[in-house]
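All remarks here apply to the structure that follows.
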Amino acid sequence: MEQISYILQQVVNGIQLGAVYALIALGYTMVYGVLRLINFAHGDVFMLGAFVAYFLISKFGLPVYLVFILTMVSCALVGYVIEKVAYKPLRDAPKISLLITAVGVSLFLEYFLSLKALFTPNYIPFPKPFEIETYDLSFFVITNVQLLIFIITFISLFILYLLIYKTRYGIAMRAVSYDKETASLMGVGIDGIISFTFIIGASLAGVGGILYGIAYPQINVFMGIMPGIKSFIAAVLGGIGIIHGAVVGGLIIGLCEVFVSAFLSSTFRDGVIFIILFAVLLFRPMGIFGKRIEKV
Amino acid sequence: MRFLKESKQFLVVAFIIYVILKALFVFGVASSYIQQIVQYAVIIALTSIGLNIIYGFTGQFSLGHAAFYGIGAYTSAYLTKVLGIDSLFSYIPVLMACSVISGLIGFLIGIPILKLKDDFLAIATLGFGTLVRVFFDNSDKISDVLGGSRGFVGIPKITNLELVLFFTLFIIVITRHMINSRFGLFWRCIKDDELAASSIGINTANMKLMAFTYGCMLAGFGGAFYANLYTFLHPSNFDILKSIDFLIIVIIGGMGNIVGTILASFIWVGFIEGLRIILPSEVLDIRWVVIPILLIFIMMWRPYGIMAKKTK
């Protein structure tokens, strides 16, 4: 009995982490869909979200809903600027050049924020926006932080679903990720759609950053590296370019990580995630939901 | 010995550099810190040449080079400490062992992951790098000597200027010959167009594996020298950021340019380590803000690197 409730508790914790990964993975998967680029800087946009929220809460003491809105707006802005400044001039360059540029943007954001005049490379405690309460549900306990994460993630996913499947922008975005040239022949403005994708992805990562900061209240300028890579793995696991694949992949990666920490050792959790990556790349490179692509 | 004759000019320049460095060291012009970073720069050059073979010549983008460097370092540290090696002659077999182990692991990991291309290869090699780091972090569970996340301490100091310099020269001469051989031609073919290369009968899978293994072997040598130079290892010395260091050196030096890589290694080490003597720490932090911006600009204007040979 105790064992079952322990496992259930870990499931709740795993979904908490997985929800954050899913929010980041969506940005990776959408950007990969339209640009075929692993946006290494995406993990740092996530970090930036946590830092903007930290700044807004600790300096201005804003209410939580305003923090969410302002953080999303500023992350969207950063995502837009990154795309316009760093990636757009290289759209026709070799794929690797784009990848190296992405690494460069990522390093720039990290080291710029870690300057002593700004946030320093040390860990910073994230302020509590509200008191943490715990509800005992006899099998497991759940905190209001976890509830907040579940609700916000659910709302974000719902809005994203409407945006992608019910609006003209969404149709255009799917068209671009299916075939860029044909989409542009059909009158889709490619540049606008790519910017739109970056804005959506970055604001979701910003939400992820705030939630991560509230749930694990220690932030650091390098905190985006590992969650960023793991979320990318989640996107690959679900099938890169597939929206619901990113969500399912994020949840699986989050659950795996928490279960490995709980039952094996927390030092092995990164290793297990990368073993999943190797298994996916070798045995099912199109991911869980992907379709096999015929070789040309 | 034919190949030594062909590299005569290069060897003469190298020997002059050695004499100048030795004179500076002996007459005490260079402090022990500078002596150390000169040797370190040579080690970085050796390892970066390995990455240049993999990425610059063969076009296989690897973000896990520091892992093979780390494998070499830990192997050498373990062997020299456990076997109590302190003389140069018994150190050579250890060096060979480090390189063979790095190369073997590179070979085994290369068989599956070299099927991947571009960005997926980058993620897979990055994943391997992280796995190796997790292994180093937990290595004290295997043997207490390895130290795990506390770091590996008490490695005998064997590396000296002559050993590093002449060994690296030897490797460079061999590498130049590899590049000018049939294999080097095949590697460049694969980089330019893998499909076309396979259509003219090049076994691309084997050639990529060969380049990757060779690059990893050079990283193994570099790592071994590093371990016996600094006498202390920590898993964080071999993480993603270190792999990116090597990548930046290859890009500055130019893809497929060995001399450029060597120059870039010295510039890089001078910039990162050497400036510590001159500048205060507040200014030093800005280095890492400038480097990424430079990297982005290089990618926009010279996507094959600053010192790359002109391509049509």
Side-chain angles (χ1 to χ4, degrees), chain A residues 32 36-41 85-87 89-90 93-118 120-121 222 225-226 229-230 232-233 235-236 240 265 267-283 285 296, chain B residues 55 59-61 63 109 111-113 115-124 126-135 137-138 140-141 148-149 195 239-241 243-244 247-248 250-251 255 281-282 284-305:
Chain A
Y32 195 88
R36 299 283 179 270
L37 158 76
I38 301 177
N39 181 12
F40 269 102
V85 172
Y87 300 150
L90 285 162
K95 220 171 176 184
I96 304 267
S97 303
L98 209 55
L99 202 62
I100 293 170
T101 309
V103 172
V105 173
S106 161
L107 288 177
F108 172 75
L109 288 176
E110 283 157 18
Y111 285 98
F112 182 69
L113 288 181
S114 75
L115 287 179
K116 289 210 176 63
L118 290 164
T120 73
F222 298 103
I225 301 178
M226 280 323 274
I229 295 170
K230 283 176 191 164
F232 180 74
I233 294 172
V236 174
I240 192 113
S265 157
T267 45
F268 289 125
R269 58 182 188 195
D270 294 352
V272 170
I273 306 292
F274 282 103
I275 289 169
I276 295 177
L277 171 73
F278 282 123
V280 173
L281 286 179
L282 297 180
F283 299 114
V296 187
Chain B
Y55 172 50
Q60 305 304 305
F61 190 66
L63 278 179
I109 199 80
I111 293 172
I113 70 171
K115 285 179 191 148
L116 305 167
K117 283 197 176 59
D118 298 345
D119 36 11
F120 281 92
L121 181 63
I123 280 286
L126 195 153
F128 176 71
T130 313
L131 277 180
V132 169
R133 206 206 140 164
V134 171
F135 175 77
D137 267 329
N138 292 292
D140 50 345
K141 286 171 189 139
S149 52
L195 201 64
D239 62 1
I240 309 165
L241 293 172
S243 294
I244 292 175
L247 187 67
I248 294 173
V250 170
I251 290 165
M255 286 172 70
S281 72
E282 294 85 55
L284 284 182
D285 293 338
I286 298 175
R287 284 176 311 185
W288 273 103
V289 181
V290 178
I291 291 165
I293 297 176
L294 273 178
L295 197 62
I296 296 170
F297 280 129
I298 294 173
M299 282 300 116
M300 285 177 190
W301 286 314
R302 298 294 302 262
Y304 298 101

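Numbers restart at 1 for each chain; the letters A, B, ... are given by sequence-line order, proteins then strands.
Counting heavy-atom pairs closer than 4.5 Å to chain B, the top-ranked of the candidates I100(A), T101(A), I233(A) is I100(A). Across L99(A), L37(A), V236(A), the residue that shares the most heavy-atom pairs under 4.5 angstrom with chain B is L99(A). Among the candidates D118(B), D119(B), I298(B), L126(B), the residue making the largest number of heavy-atom pairs closer than 4.5 Å to chain A is D119(B).
When heavy atoms are compared at a cutoff of 4.5 Å, A124(B) approaches chain A by way of both its backbone and its side chain. For chain A, the nearby part of L116(B) is the side chain; its heavy atoms alone come within less than 4.5 Å. F278(A) touches chain B through its side chain: at least one heavy atom from C-beta onward sits under 4.5 Å away, while N, CA, C and O do not. Heavy atoms of I225(A) lying under 4.5 Å from chain B belong exclusively to its side chain. Heavy-atom distances place the side chain of L241(B), and not its backbone, under 4.5 Å from chain A. For a residue to count as touching a neighbouring chain, one of its non-hydrogen atoms must lie under 4.5 Å from one of that chain's; by this rule I240(B) touches chain A with the side chain only. The contact between I251(B) and chain A is made entirely by side chain atoms (from C-beta outward), counting heavy-atom distances below 4.5 Å. Contact annotation for K117(B): neither backbone nor side-chain heavy atoms come within less than 4.5 Å of a heavy atom of chain A. Looking at N138(B), the atoms closer than 4.5 Å to chain A (heavy atoms on both sides) all sit in the side chain, from C-beta outward.
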Review point. Should I96(A) and Y55(B) be marked as a side-chain contact (heavy atoms from CB on, under 4.5 Å) after you check the CA-CA gap, both sets of side-chain angles, and the distance that decides it?
Key: CA-CA 10 Å; I96(A) 304 267; Y55(B) 172 50; 3.1 Å; yes

Point to revise | Stepwise side-chain contact (heavy atoms from CB on, under 4.5 Å) test for I113(B) and L281(A) | key: CA-CA 8 Å; I113(B) 70 171; L281(A) 286 179; over 6 Å; no

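A cation-pi contact, defined as under 6.0 Å to the ring centre and within 45° of the axis, is absent between K95(A) and F120(B).
Side chains of M226(A) and T130(B) form a contact here, defined as non-hydrogen atoms less than 4.5 Å apart.
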